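Each remark here refers to the structure printed beneath this line.
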Amino acid sequence: MANFWSKDVTFHFQGYDPGTHTTRLAITLAVAQLDKTVFTNAAERVQAGARQDSIEWAGLYDDATGSGGTALTGASTLLGTGTQYASVYFGTGAVGLVAYGGRVAYLAEKEMGNIGELVRMEATWRMDGTWDRGRIFLYKTGFAGSSISGSYDNGSVTTPANRSAWVQQHSGTGTYVLEDSDAGTTFVQIGTDMVVGAGPLGSVFAMGSGTLRRYSRVRVTAGSTGTVSIIVTQL
């Protein structure tokens, strides 16, 4: 049984790492339970069964490069600019540990300062769809050129639906490839290359729903630079 300390649960948003000074993080997977036929007022109707996943974050203000202070404050260009990408990781970043990826709309932030205390921040997002549950392949991995993640053992051949790769490009630019193998020795590419622009930047790539052999890994192609985190969902 895996047990995790809260200090080992982290959060990345659009290539930034607010998780370095997080004090509270909650992700919720939820659906609406009210039947829309119950109310006569159309403004109060809810589509029963519609997903209502969410994320709540609070942390300490920090103005370091790539921190929550630079990514989340009111001066941030990310506030109210459409669909972006968030990732949540459980554990210390080892290959195969549980992670979530999701599309989000960044709606609000506030800063709070009590006398004699560090300044605190809170940020609010609305999910665009649902959280996708998956596995960590690379976590804040720095590279210059080609690199390969450790392989994840799926236990057997699987055929996941709507498999996706969520990429947080913290710095530099990169091209990444998902690969699989039946014995963990010879790997072949699945789908097309994942090409990400200059970080900090978040991206998601549809990896299809075809058969996935027992072992899988992510390869960083030659010429890539910088630091990246990647999770693959439906694993």
Side-chain angles (χ1 to χ4, degrees), residues 12-17 51 53 78 81-89 93-105 127-235:
H12 295 160
F13 168 59
Q14 203 63 7
Y16 291 90
D17 183 9
R51 290 295 293 264
D53 294 1
L78 300 176
T81 55
T83 301
Q84 294 146 10
Y85 305 99
S87 303
V88 175
Y89 315 83
V95 172
L97 291 181
V98 171
Y100 289 85
R103 293 177 174 85
V104 296
M127 294 297 300
D128 179 12
T130 65
W131 282 110
D132 286 343
R133 185 179 187 274
R135 301 288 177 176
I136 299 171
F137 279 79
L138 295 171
Y139 180 79
K140 298 201 79 171
T141 301
F143 52 84
S146 59
S147 180
I148 298 174
S149 74
S151 62
Y152 172 65
D153 184 352
N154 301 296
S156 62
V157 173
T158 61
T159 307
N162 302 319
R163 183 172 57 241
S164 299
W166 298 84
V167 181
Q168 299 287 340
Q169 186 78 39
H170 305 292
S171 64
T173 61
T175 300
Y176 313 100
V177 174
L178 179 63
E179 301 177 328
D180 73 349
S181 170
D182 55 4
T185 53
T186 302
F187 285 81
V188 298
Q189 181 174 341
I190 302 172
T192 59
D193 293 357
M194 299 176 279
V195 182
V196 184
L201 182 68
S203 300
V204 62
F205 297 89
M207 306 307 294
S209 57
T211 299
L212 183 70
R213 293 183 294 175
R214 177 171 177 174
Y215 298 92
S216 51
R217 71 184 187 185
V218 169
R219 175 168 55 85
V220 182
T221 68
S224 300
T225 62
T227 304
V228 70
S229 299
I230 298 178
I231 64 177
V232 179
T233 61
Q234 303 298 327
L235 294 179

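Throughout, numbering of the chain's residues begins at 1 and tracks the sequence. Only a predicted model underlies this, so the values are computations on that prediction, with no experimental measurement involved.
Among K140, H170, Q169, the single residue meeting the side chain to side chain donor-acceptor pair (under 3.5 Å) criterion with S229 is H170. Exactly one of Y139, Y16, Y89 qualifies for a side-chain contact (heavy atoms from CB on, under 4.5 Å) with Q168. That residue is Y89. For the salt bridge (charged side-chain N to carboxylate O under 4.0 Å, His left out) criterion with R214, the lone passing option out of D180, D182, D153 is D153.
Within the model, atoms OG of S87 and OH of Y100 stand 13.0 Å from one another, a figure rounded to the nearest 0.5 Å. The CZ atom of R133 sits 5.0 Å away from the CZ atom of R135 when rounded to the nearest 0.5 Å. Separating the CZ atom in F205 from the OH atom in Y176 is a distance of 9.0 Å, to the nearest 0.5 Å. Note: M127 CE to R103 CZ = 9.5 Å, rounded to the nearest 0.5 Å. Taken from CE in M207 to CG in L212, the straight-line distance is 10.0 Å, to the nearest 0.5 Å. Here the CZ atom belonging to F143 is positioned 8.5 Å from the OG1 atom belonging to T221, to the nearest 0.5 angstrom.
Pairs passing the side chain to side chain donor-acceptor pair (under 3.5 Å) check and including a residue from residues 190-202, sequence neighbours excluded, read Q189-D193.
The minimum heavy-atom distance between R217 and G150, with the atom names listed, is CB-O, 3.8 Å. Looking at every heavy atom in both residues, T175 comes nearest to S224 through N-OG, 3.0 Å. Contact record, G197 with T173: C-CG2, 3.6 Å, taken as the closest heavy-atom pair. Summarising the geometry of R213 relative to V188, their closest heavy-atom pair is NH2-CG2, 2.9 Å, with the distance given to 0.1 Å.
Judged by distance alone, the side chain of S171 and the main-chain N or O of T227 form a donor-acceptor pair under 3.5 Å. Within the 3.5 Å criterion, the main-chain N or O of S164 finds a donor-acceptor partner in the side chain of T233. Judged by distance alone, the side chain of S181 and the main-chain N or O of Y215 form no donor-acceptor pair under 3.5 Å. Although no hydrogens or angles enter the test, the distance criterion places no donor-acceptor pair under 3.5 Å between the side chain of Q14 and the main chain of L201.
Considering only heavy atoms from C-beta on, F13 comes within 4.5 Å of V104 through its side chain.
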Start with the C-alpha distance between L138 and V220, add both sets of side-chain angles, then the distance that settles side-chain contact (heavy atoms from CB on, under 4.5 Å), and finish with yes or no. CA-CA 10 Å; L138 295 171; V220 182; 3.9 Å; yes
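No cation-pi contact links R219 to F187, judged by a cut-off of 6.0 Å to the six-membered ring centre and 45° from its axis.
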